[in-house]
**Student:** 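Next up is a structure, given as structure tokens.
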Amino acid sequence: MIKNLPSVENGTTVRVSGWVEKVRDQRYVQFVVLRDESGAVQLVNGGVLREADPENPRSDVLVPRTTTISELTQGSFVTVTGELQHNERVKLGGVEVQIETIEVVTKSLPDNPVAGDSNIDVRLDWRFLDLRRPEQNLVFRIQTTLLHAMRNVWVDRGFIEIQTPKLMASASESRAELFEVEYFEGKAFLAQSPQFFKQMAQAAGFGGIFEVGPAFRADHSFTSRHATEFTSIDTELSWIDSHEDVMELHEELLVAALTAVKEKHGEEIQKLFGIDVTVPSRPFPRIPLAEAKEIVKEEGYEIPRADADMDPEGERRISAHVKKKYDHDFVFITDYATSIRPFYHMRHADNPELTNSYDLIYRGTEISTGAQREHRVEVLEAQIKEKGMDPAELGFYLDFFRYGVPSHGGFGMGLNRVLMLLLEQSSIREVTYLFRGPTRLMP
Ligand code: AMO
């Protein structure tokens with residue numbers, strides 16, 4: 001890989017493969033900047049003889065300029081062999097390769113449909129070219145590290161990884177935002193969340209489980225944080241006393257993830273995004289929803305509806321308050337009103353108006369919802385009816401609770417939102433491999 005070249009001994013013959021980023025075709029010397037997934041290196045044709053024989057001013061012309069290099073188009077994939085030379089003056093890693101052979105594996109068309117200043121829609125049309133940019137490559141290496149670190153936590157704690165089906169016979173969250181698809185003679189729905197089937201693993205006696213998979217929402221909005229398909233990070237664990245246990249697991253996972261990202265990519269993130277990765281301290285601040293609303297009200301912003309969730313402006317303001325007061329990027333907003341939470345959230349034992357639930361806000365945007373689940377089937381049935389739903393339609397789900405189930409809880413977290421906020425990007429489009437929105441199904 002190109003990034004390893006600086007540690008190779010001077011004078012060694014090396015073989016490198018990658019795509020052409022730039023060609024500088026001068027009269028007596030040709031330069032190519034070659035990039036692969038790990039970095040970039042300068043290739044030279046012609047410079048070596050000039051340096052090798054400074055007494056002979058004409059020696060450079062002894063190296064023939066090759067038309068292969070003159071005709072190289074940006075983006076072509078090539079394999080080159082040549083002598084590696086350490087040269088402090090070369091900005092790219094202090095090394096260059098004196099080209100001996102060059103094989104053009106595939107030639108790129110000469111026009112480049114994306115330029116540095118292309119807008120996001122053009123870049124998404126040509127996502128495979130956009131992804132060649134080092135910043136974009138880094139996003140997905142960060143994503144890999146982040147998920148790997150979280151997986152380590154789960155695996156160390158003995159959690160089981162599951163894959164729940166994405167084709168469903170019923171809605172998985174609410175009837176809103178539901179994609180319907182033809183399914184032979186009938187119809188099916190795309191999973192909005194693995195909610196019911198991750199809870200099934202509790203009745204199955206799996207204990208802790210996790211899933212990283214797609215979730216679909218027929219959400220006709222064009223905000224920077226909504227997609228119609230996103231990657232949901234879900235976990236569920238048995239034998240909890242309250243949502244506090246879920247929040248502790250949540251903190252542990254995020255601290256492990258951000259520590260790993262900082263250790264592995266901190267320097268590069270600083271270089272390419274100008275950002276210092278901060279590892280949050282534990283515990284993260286916790287503020288009950290009612291109190292959070294009071295705080296933002298005192299600071300001049302009233303959430304429009306009294307019974308409502310925080311709105312985006314409220315989330316921004318409470319985050320700003322927490323940043324100022326606790327110097328923390330995360331805040332758990334807890335104890336949501338029953339009226340704005342789904343039927344499966346457990347309610348406070350001493351106040352049925354409130355749930356054992358939370359949202360996690362990161363730098364002003366919600367990234368997660370978590371809760372303790374109601375595991376007593378008769379209470380669950382009553383809550384379903386209270387929400388105006390028909391328990392018969394949820395019979396398969398209620399069965400999970402009819403044959404014994406431990407107390408349990410968990411959360412769902414949007415991977416793309418975490419990356420967007422971590423890297424201070426303007427939209428999840430920037431950090432999603434292939435974004436899906438109301439007007440984007442291609443590529
Ligand atoms: P919720 O609906 O709040 O909760 O979703 C959890 C998290 O998923 C992300 N998310 C989205 N990301 C991008 N585009 C969307 N359209 C979108 N919708 C949601 C957000 C959000 O915080 N079953 C519960 C979780 C649980 O209780 O375990 C659920 O799905 O980051």
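Atoms within each ligand, like the ligands themselves, are counted from 1 in listed order. Predicted, not measured: the structure shown is a model, and the values here were computed from it.
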**Student:** Looking only at protein heavy atoms, identify the closest one to atom 19 (C) of ligand 1 and say how far it is in Å.
**Tutor:** Phe230 CZ, 3.5 Å
**Student:** Starting from atom 21 (C) of ligand 1, which protein heavy atom do you reach first, and at what distance in Å?
**Tutor:** Glu366 OE2, 3.3 Å
**Student:** For His226, which part has a heavy atom under 4.0 Å from ligand 1: side chain, backbone, both, or neither?
**Tutor:** both
**Student:** Looking at residues at least two apart in the chain, or sitting in another chain, which of them share a side chain to side chain donor-acceptor pair (under 3.5 Å) with Glu177?
**Tutor:** none
**Student:** Give me the residue, atom name and distance of the protein heavy atom closest to atom 31 (O) of ligand 1.
**Tutor:** Ile367 O, 2.8 Å
**Student:** Could you give the side-chain donor-acceptor pairs of residues 181-188 under 3.5 Å, partners two or more places apart or in another chain?
**Tutor:**
none

**Student:** Using a 4.0 Å cutoff against the non-hydrogen atoms of Lys198, which atoms of ligand 1 qualify?
**Tutor:** 26 (C), 28 (O)
**Student:** For atom 16 (N) of ligand 1, what is the closest protein heavy atom, and at what distance to 0.1 Å?
**Tutor:** Ala227 O, 2.9 Å
**Student:** Can you pull out the closest protein heavy atom to atom 20 (C) of ligand 1? Residue, atom name and distance to 0.1 Å, please.
**Tutor:** Arg417 NH1, 3.6 Å
**Student:** At less than 4.0 angstrom from any non-hydrogen atom of Tyr344, what atoms of ligand 1 do you find?
**Tutor:** 23 (N), 24 (C)
**Student:** Donor-acceptor pair, distance only, cut-off 3.5 Å: does the side chain of Glu430 make one with the backbone of Gln425?
**Tutor:** no
**Student:** Without swapping roles, check the side chain of Thr355 against the backbone of Tyr336 for a donor-acceptor pair under 3.5 Å.
**Tutor:** yes
**Student:** Quick check: does any side chain N or O of Lys3 sit under 3.5 Å from a backbone N or O of Asp36, one acting as donor and the other as acceptor?
**Tutor:** no
**Student:** Quick one: closest heavy-atom pair of Pro391 and Leu398, and the distance?
**Tutor:** O-CD1, 3.6 Å
**Student:** Which residue holds the protein heavy atom closest to atom 2 (O) of ligand 1, what is that atom called, and what is the gap in Å?
**Tutor:** Arg217 NH1, 2.9 Å
**Student:** Looking only at non-hydrogen atoms, which of Thr369, Ile233, Thr235 approaches atom 1 (P) of ligand 1 most closely?
**Tutor:** Thr369
**Student:** Is a donor on one side and an acceptor on the other found under 3.5 Å between the side chain of Lys293 and the backbone of Asp309?
**Tutor:** no
**Student:** Mark the output for Met420 as yes if a heavy-atom distance to ligand 1 is under 4.0 Å, and as no if none is.
**Tutor:** no
**Student:** Counting only heavy atoms, tell me which of Gly437, Gly414, Gly412, Pro342 gets closest to atom 25 (C) of ligand 1.
**Tutor:** Gly412
**Student:** Within ligand 1, which atoms have a heavy atom of Arg373 less than 4.0 Å away?
**Tutor:** 26 (C), 27 (O), 28 (O)
**Student:** Tell me, which protein residue and heavy-atom name are nearest atom 13 (C) of ligand 1, and how many Å apart are they?
**Tutor:** Arg225 O, 3.4 Å
**Student:** Tell me if the centroids of the rings in His328 and Phe284 come within less than 6.0 Å of each other.
**Tutor:** yes
**Student:** Give a yes/no verdict on whether any heavy atom in Glu236 is under 4.0 Å from an atom of ligand 1.
**Tutor:** no
**Student:** Which residue in the set Glu236, Gln202, Gln199 passes side-chain hydrogen bond (donor to acceptor under 3.5 Å, both in side chains) when paired with Arg373?
**Tutor:** Glu236
**Student:** Would you sort out whether Asp359 and Arg341 count as a salt bridge (Lys or Arg N to Asp or Glu O under 4.0 Å), showing the intermediate values?
**Tutor:** CA-CA 11 Å; Asp359 271 9; Arg341 286 310 224 196; 2.9 Å; yes
**Student:** Run the numbers for me: atoms of ligand 1, each under 4.0 Å from some heavy atom of Ser368, listed by number.
**Tutor:** 22 (O)
**Student:** Name the option, out of Gln199, Gln195, Gln192, that contains the heavy atom nearest to atom 26 (C) of ligand 1.
**Tutor:** Gln195
**Student:** Any sub-3.5 Å donor-acceptor pair from Ser76's side-chain atoms to Ser108's backbone N or O?
**Tutor:** yes
**Student:** Which residue and non-hydrogen atom of the protein lie closest to atom 29 (C) of ligand 1, and at what distance in Å?
**Tutor:** Glu173 OE2, 3.8 Å
